[in-house]
Amino acid sequence: MINITLKDGSKKTFEPGITPEGIAGSIASGLKKKTVAAYVDGVVYDLNRPIYQHAEVDLITKDQPTAFEVLNHSTAHLMAQAVKRLYPDAKFGVGPPIKEGFYYDIATESTIKEEDLEKIEAEMRRIIKEQIPMVRDEYSEAEAKRLFHDDPYKLELIDELEDGEIISVYTQGEFVDLCRGGHVGNTKHIKHFKLLSIAGAYWRGDSDREMLQRIYGTSWFTKEDLDAHLAKLEERKERDHRKLGKQLRIFHLDRDAGQGLAMWLPNGYTIRKVLEDYVYDLERKAGYLHVSTPVLGTKKLYQISGHFDHYEEHMFPVMERDGESFVLRPMSCPHHMIIYNSELRSYRDLPIRLAEIVTMHRYEASGALTGLERVRAMTLTDSHIFVREDQIKQEVLAAYNLILRAIDDLGLKIDYVELALRDEEKGKFHDDDEKWDYAESVMKALLDEENISYREVKGEAAFYGPKIDIQVRTAMDHVITMSTVQLDFLLPERFDLTYIGQDGAKHRPVVIHRGLVSTWERLMSILLEQYKGAFPLWLAPIQMQLIPVNSEAHGEYANILHKYFIDKGFRSSIDAREEKLGYRIREGQTQKIPYQLVIGDNEVDTNTVTYRRYGEKAQKTVSLDAFVTLMQEEVEAKTKRH
RNA sequence: GCCCACGUAGCUCAGUCGGUAGAGCAUUUGCAUGGUAAGCAAAAGGUCACCAGUUCAAUUCUGGUCGUGGGCUCCA
């Protein structure tokens, strides 16, 4: 007999060979139904994997995240079996569970088309009906290699396993796959799934290797969960900034204007200008000095900085004129270095915080371009802070706090903070271990002292130094780098930056690179998706729409109000067209204008306005002054509506 | 850049098993004048992304180019 200790501390004895399913069934039949797999001494066991030793067992029930992974992993296998039946030459790469489902990478001479997914789904249902058990076996490396002798992908994976690691193989009817597990034990446990899309994916994620066909799918325990997930995917399409950007006339892309070269339409530019003014003011109050520098610069400038050597492939090609080489700038750091050096600096001058709204151009791979999210011409509020070493901590922290403030004002949420460090890869980072060690230790110490929790990522640093990246999760569930604070000991050296210290000697300043809220392009895509196009009042391109009931009777008063609002600094519009009231209201609603004001006899007679807030059905009549106060307070509150 | 799919009016889409196309909304013009999500009618609007090939004939079939989308790679 073996002793099984359950999670709640209770102990039970079983015959050796008992399975997690058996343990669950011995406790309650309801539990058996809910159990998908189990942790046995910390290792995930299949529902039907026998246990032969004394062990601690923690049953994994359907409501746990691990259960979703197990289910989706098993569904990936189920799909692979179906694919193998339909495409006998198919070989398989990897097929893991992912956050919202699973995928499997497939190599076959045939091209699997979107319309084939239905056929594969049908075959999967057939296999479910066959109630095929998923049986786990353990192999030695040599045995496993014999088993998969005609599958180059599996052989490569086996080769990379640690020596001595147990190689487990799952047999599911005629289908055999190398796999770590765990699984749901039998195909009959898989019920509610859908294959979603087909895409290309490089083998091992390496763009030099062949491309496999990847099928994405998702699998759930209940039909309700599956339907809810599919509805969520639909809902995401409604939030897509490309769709909203067109509907609300925010930006425009045109093939003749250039791929990835977005044009801002009046509505979009209005929002951008509000953001620019907001950031300018925020920085001004935080002691930043604003500058402006050209979009074009010499190639030499970027050779001095080292950018050209590291990023030439991401820059537009060099232009030649008068025997000199020019490039479109991919960033502004070098210009700011030159500005710093344009006069003699004293230790008393530092820190010097230079800021600029910078337009820059980067050559992004054509396949990477996406709406406003990934473009080739972008504008961002960039800053370089020149400090003495003793000022690093206070200035990094101040920049960090400014970022927190801006993200909060925009109504966005930080997902996590990342500390990007270098790794050993040669040539990727500039070569000065002493400086690197120091810079990395300064960043770590600062985060630790301030109790900021963060994830360390090796190899993600800039070539000139470590960086703190602030990651935001978008409404589309993408994690993106919103803001960054980077420490740089390299560029000051390359540009020979100095200041005169208290001792009268020359010293080298340190540069802090700071990106506040990504680029306007990317920020706009995030805000569109975040607010589903219904912008908070302070950002809304049109804040109120005035609708006179009858333009003859009420048009004059409406016009007076309109001018009054404009004078007060609001973005007002008036719709006095000879159209039905309902028609004009509908149009304002589809444009998601925050306030609609209908002006009729009542309003003219009593000097009031009747408004309807976007998203609400109710109408309210208030005095003109009360309305203006309401608007001002809401603009002031930014995203925090009272 | 790579794999797959897609590209029809300003927008959203239908259609042509090869005989140069249609709807709704938007636009323009009449008529209607109204209290919270589409009043009625008419007109105008398209080299069916572009370039080749096959064919008596191509928007439709084939090839290429460009663009867009889903992914992969990349993202200072």
Side-chain angles (χ1 to χ4, degrees), chain A residues 103 105 111-116 196-216 237 240 242-243 246-247 249 252-260 302 305-315 330-333 360 362-371 373-376 378 382 420 428-429 460-465 467 469 480-481 484 486 488 491 513 515 519 522 545 547-554 577-591 596-603 610-612 614 616-619 621:
Chain A
Y103 67 78
D105 285 348
T111 300
I112 302 174
K113 305 237 167 92
E114 202 99 8
E115 67 212 42
D116 299 324
L196 296 171
S197 62
I198 176 127
Y202 296 111
W203 169 237
R204 322 287 336 252
D206 183 344
S207 56
D208 291 331
R209 315 251 341 227
E210 67 269 36
M211 186 160 264
L212 307 180
Q213 303 184 66
R214 174 175 294 180
I215 301 178
Y216 284 94
K237 282 189 202 155
D240 190 316
R242 291 163 297 193
K243 183 172 176 161
K246 202 178 264 185
Q247 259 172 30
R249 299 189 191 93
H252 184 66
L253 288 160
D254 183 275
R255 155 196 357 203
D256 290 336
Q259 215 189 351
Y302 292 91
S305 71
H307 287 108
F308 195 83
D309 293 339
H310 283 266
Y311 303 112
E312 185 186 357
E313 64 194 282
H314 297 289
M315 292 165 68
M331 70 227 338
S332 62
C333 332
M360 53 202 203
R362 295 179 181 182
Y363 174 75
E364 300 278 4
S366 63
L369 302 173
T370 310
E373 204 176 303
R374 256 330 248 295
V375 289
R376 285 175 170 171
M378 63 216 85
D382 201 9
K428 197 171 162 192
F429 305 103
E460 294 294 312
F463 75 88
Y464 45 72
K467 55 183 190 174
D469 282 345
I480 56 134
T481 301
T484 187
Q486 311 175 351
D488 181 359
L491 293 188
H513 301 245
T519 63
R522 185 169 285 183
Q545 176 194 30
I547 304 174
V549 174
N550 178 309
S551 69
E552 220 160 288
H554 319 116
R577 287 179 301 172
E578 297 296 326
E579 293 286 356
K580 293 274 195 228
L581 245 194
Y583 179 89
R584 288 178 283 167
I585 288 187
R586 180 175 192 278
E587 204 164 87
Q589 291 288 314
T590 58
Q591 289 301 302
Q596 287 188 304
L597 277 54
V598 173
I599 313 295
D601 288 343
N602 271 341
E603 290 72 24
T610 300
Y611 69 84
R612 169 177 163 174
Y614 179 79
E616 292 166 18
K617 259 289 188 212
Q619 308 159 38
T621 302

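Chain letters run A, B, ... following the sequence lines, proteins first and then strands; every chain starts at 1.
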Revision key, fill the gap. Note, RNA chain B 5' to 3' with Watson-Crick or G-U pairs under 3.5 Å encoded as ( ), [ ], | and . gives (((((((..((((.....[..)))).(((((.......))))).....(((((..]....))))))))))))....

Point to revise | 5' priority, RNA chain B, between A/Arg522 and A/Thr370 [closest heavy atom] | key: A/Thr370

Check your understanding: So what does A/His513 touch, heavy atoms closer than 4.0 Å: a base, only the sugar-phosphate, or nothing?
Key -> nothing

Check your understanding: Counting any heavy atom closer than 4.0 Å, what does A/Gly306 reach on the DNA or RNA strands: base, sugar-phosphate only, or nothing?
Key -> nothing

Atom pairs, protein N/O to nucleotides 43-48 of chain B N/O, distance under 3.5 Å:
none

Is there any protein nitrogen or oxygen under 3.5 Å from a nitrogen or oxygen in nucleotides 11-15 of chain B, and what are the pairs?
{"from": "B/U12", "atom 1": "OP1", "to": "A/Lys246", "atom 2": "NZ", "distance (Å)": "3.4"}

Practice item. Provide the distance between the two C1' atoms, one in B/U60 and one in B/A44, to the nearest whole Å. Key: 27 Å

Practice item. Please name all residues satisfying side chain to side chain donor-acceptor pair (under 3.5 Å) with A/Asp601, sequence neighbours left out, ordered by chain then number. Key: A/His554

**Study point:** Residue pair A/Gln213 / A/Thr111, side-chain heavy-atom distance below 4.5 Å
**Key:** yes

Point to revise | Given A/Phe463, A/Tyr302, A/Tyr363, the one that forms ring-ring contact (aromatic ring centres under 6.0 Å, His included) with A/Tyr311 | key: A/Phe463

**Study point:** Protein proximity profile, nucleotides 29-36 of chain B - base contact B, sugar-phosphate-only contact S, no contact -, cut-off 4.0 Å on heavy atoms
**Key:** ---BBBBB

Practice item. Would you tell me whether A/Thr610 and A/Gln619 have side-chain atoms, one donor and one acceptor, within less than 3.5 Å of each other? Key: no

Please list, for nucleotides 1-8 of chain B, all pairs of protein and nucleotide N/O atoms separated by less than 3.5 Å.
{"from": "B/G1", "atom 1": "OP2", "to": "A/Ser366", "atom 2": "OG", "distance (Å)": "2.2"}
{"from": "B/G1", "atom 1": "N7", "to": "A/Gly367", "atom 2": "N", "distance (Å)": "3.1"}
{"from": "B/G1", "atom 1": "N2", "to": "A/Tyr202", "atom 2": "OH", "distance (Å)": "2.4"}
{"from": "B/C2", "atom 1": "O4'", "to": "A/Tyr202", "atom 2": "OH", "distance (Å)": "3.3"}
{"from": "B/C3", "atom 1": "O2", "to": "A/Gly200", "atom 2": "N", "distance (Å)": "3.1"}

**Study point:** Quiz item: A/Arg362 side-chain donor-acceptor pair to B/C75 base, under 3.5 Å
**Key:** no

Point to revise | Main-chain N/O of A/Gly588 paired to A/Thr590 side chain as donor or acceptor, under 3.5 Å | key: no

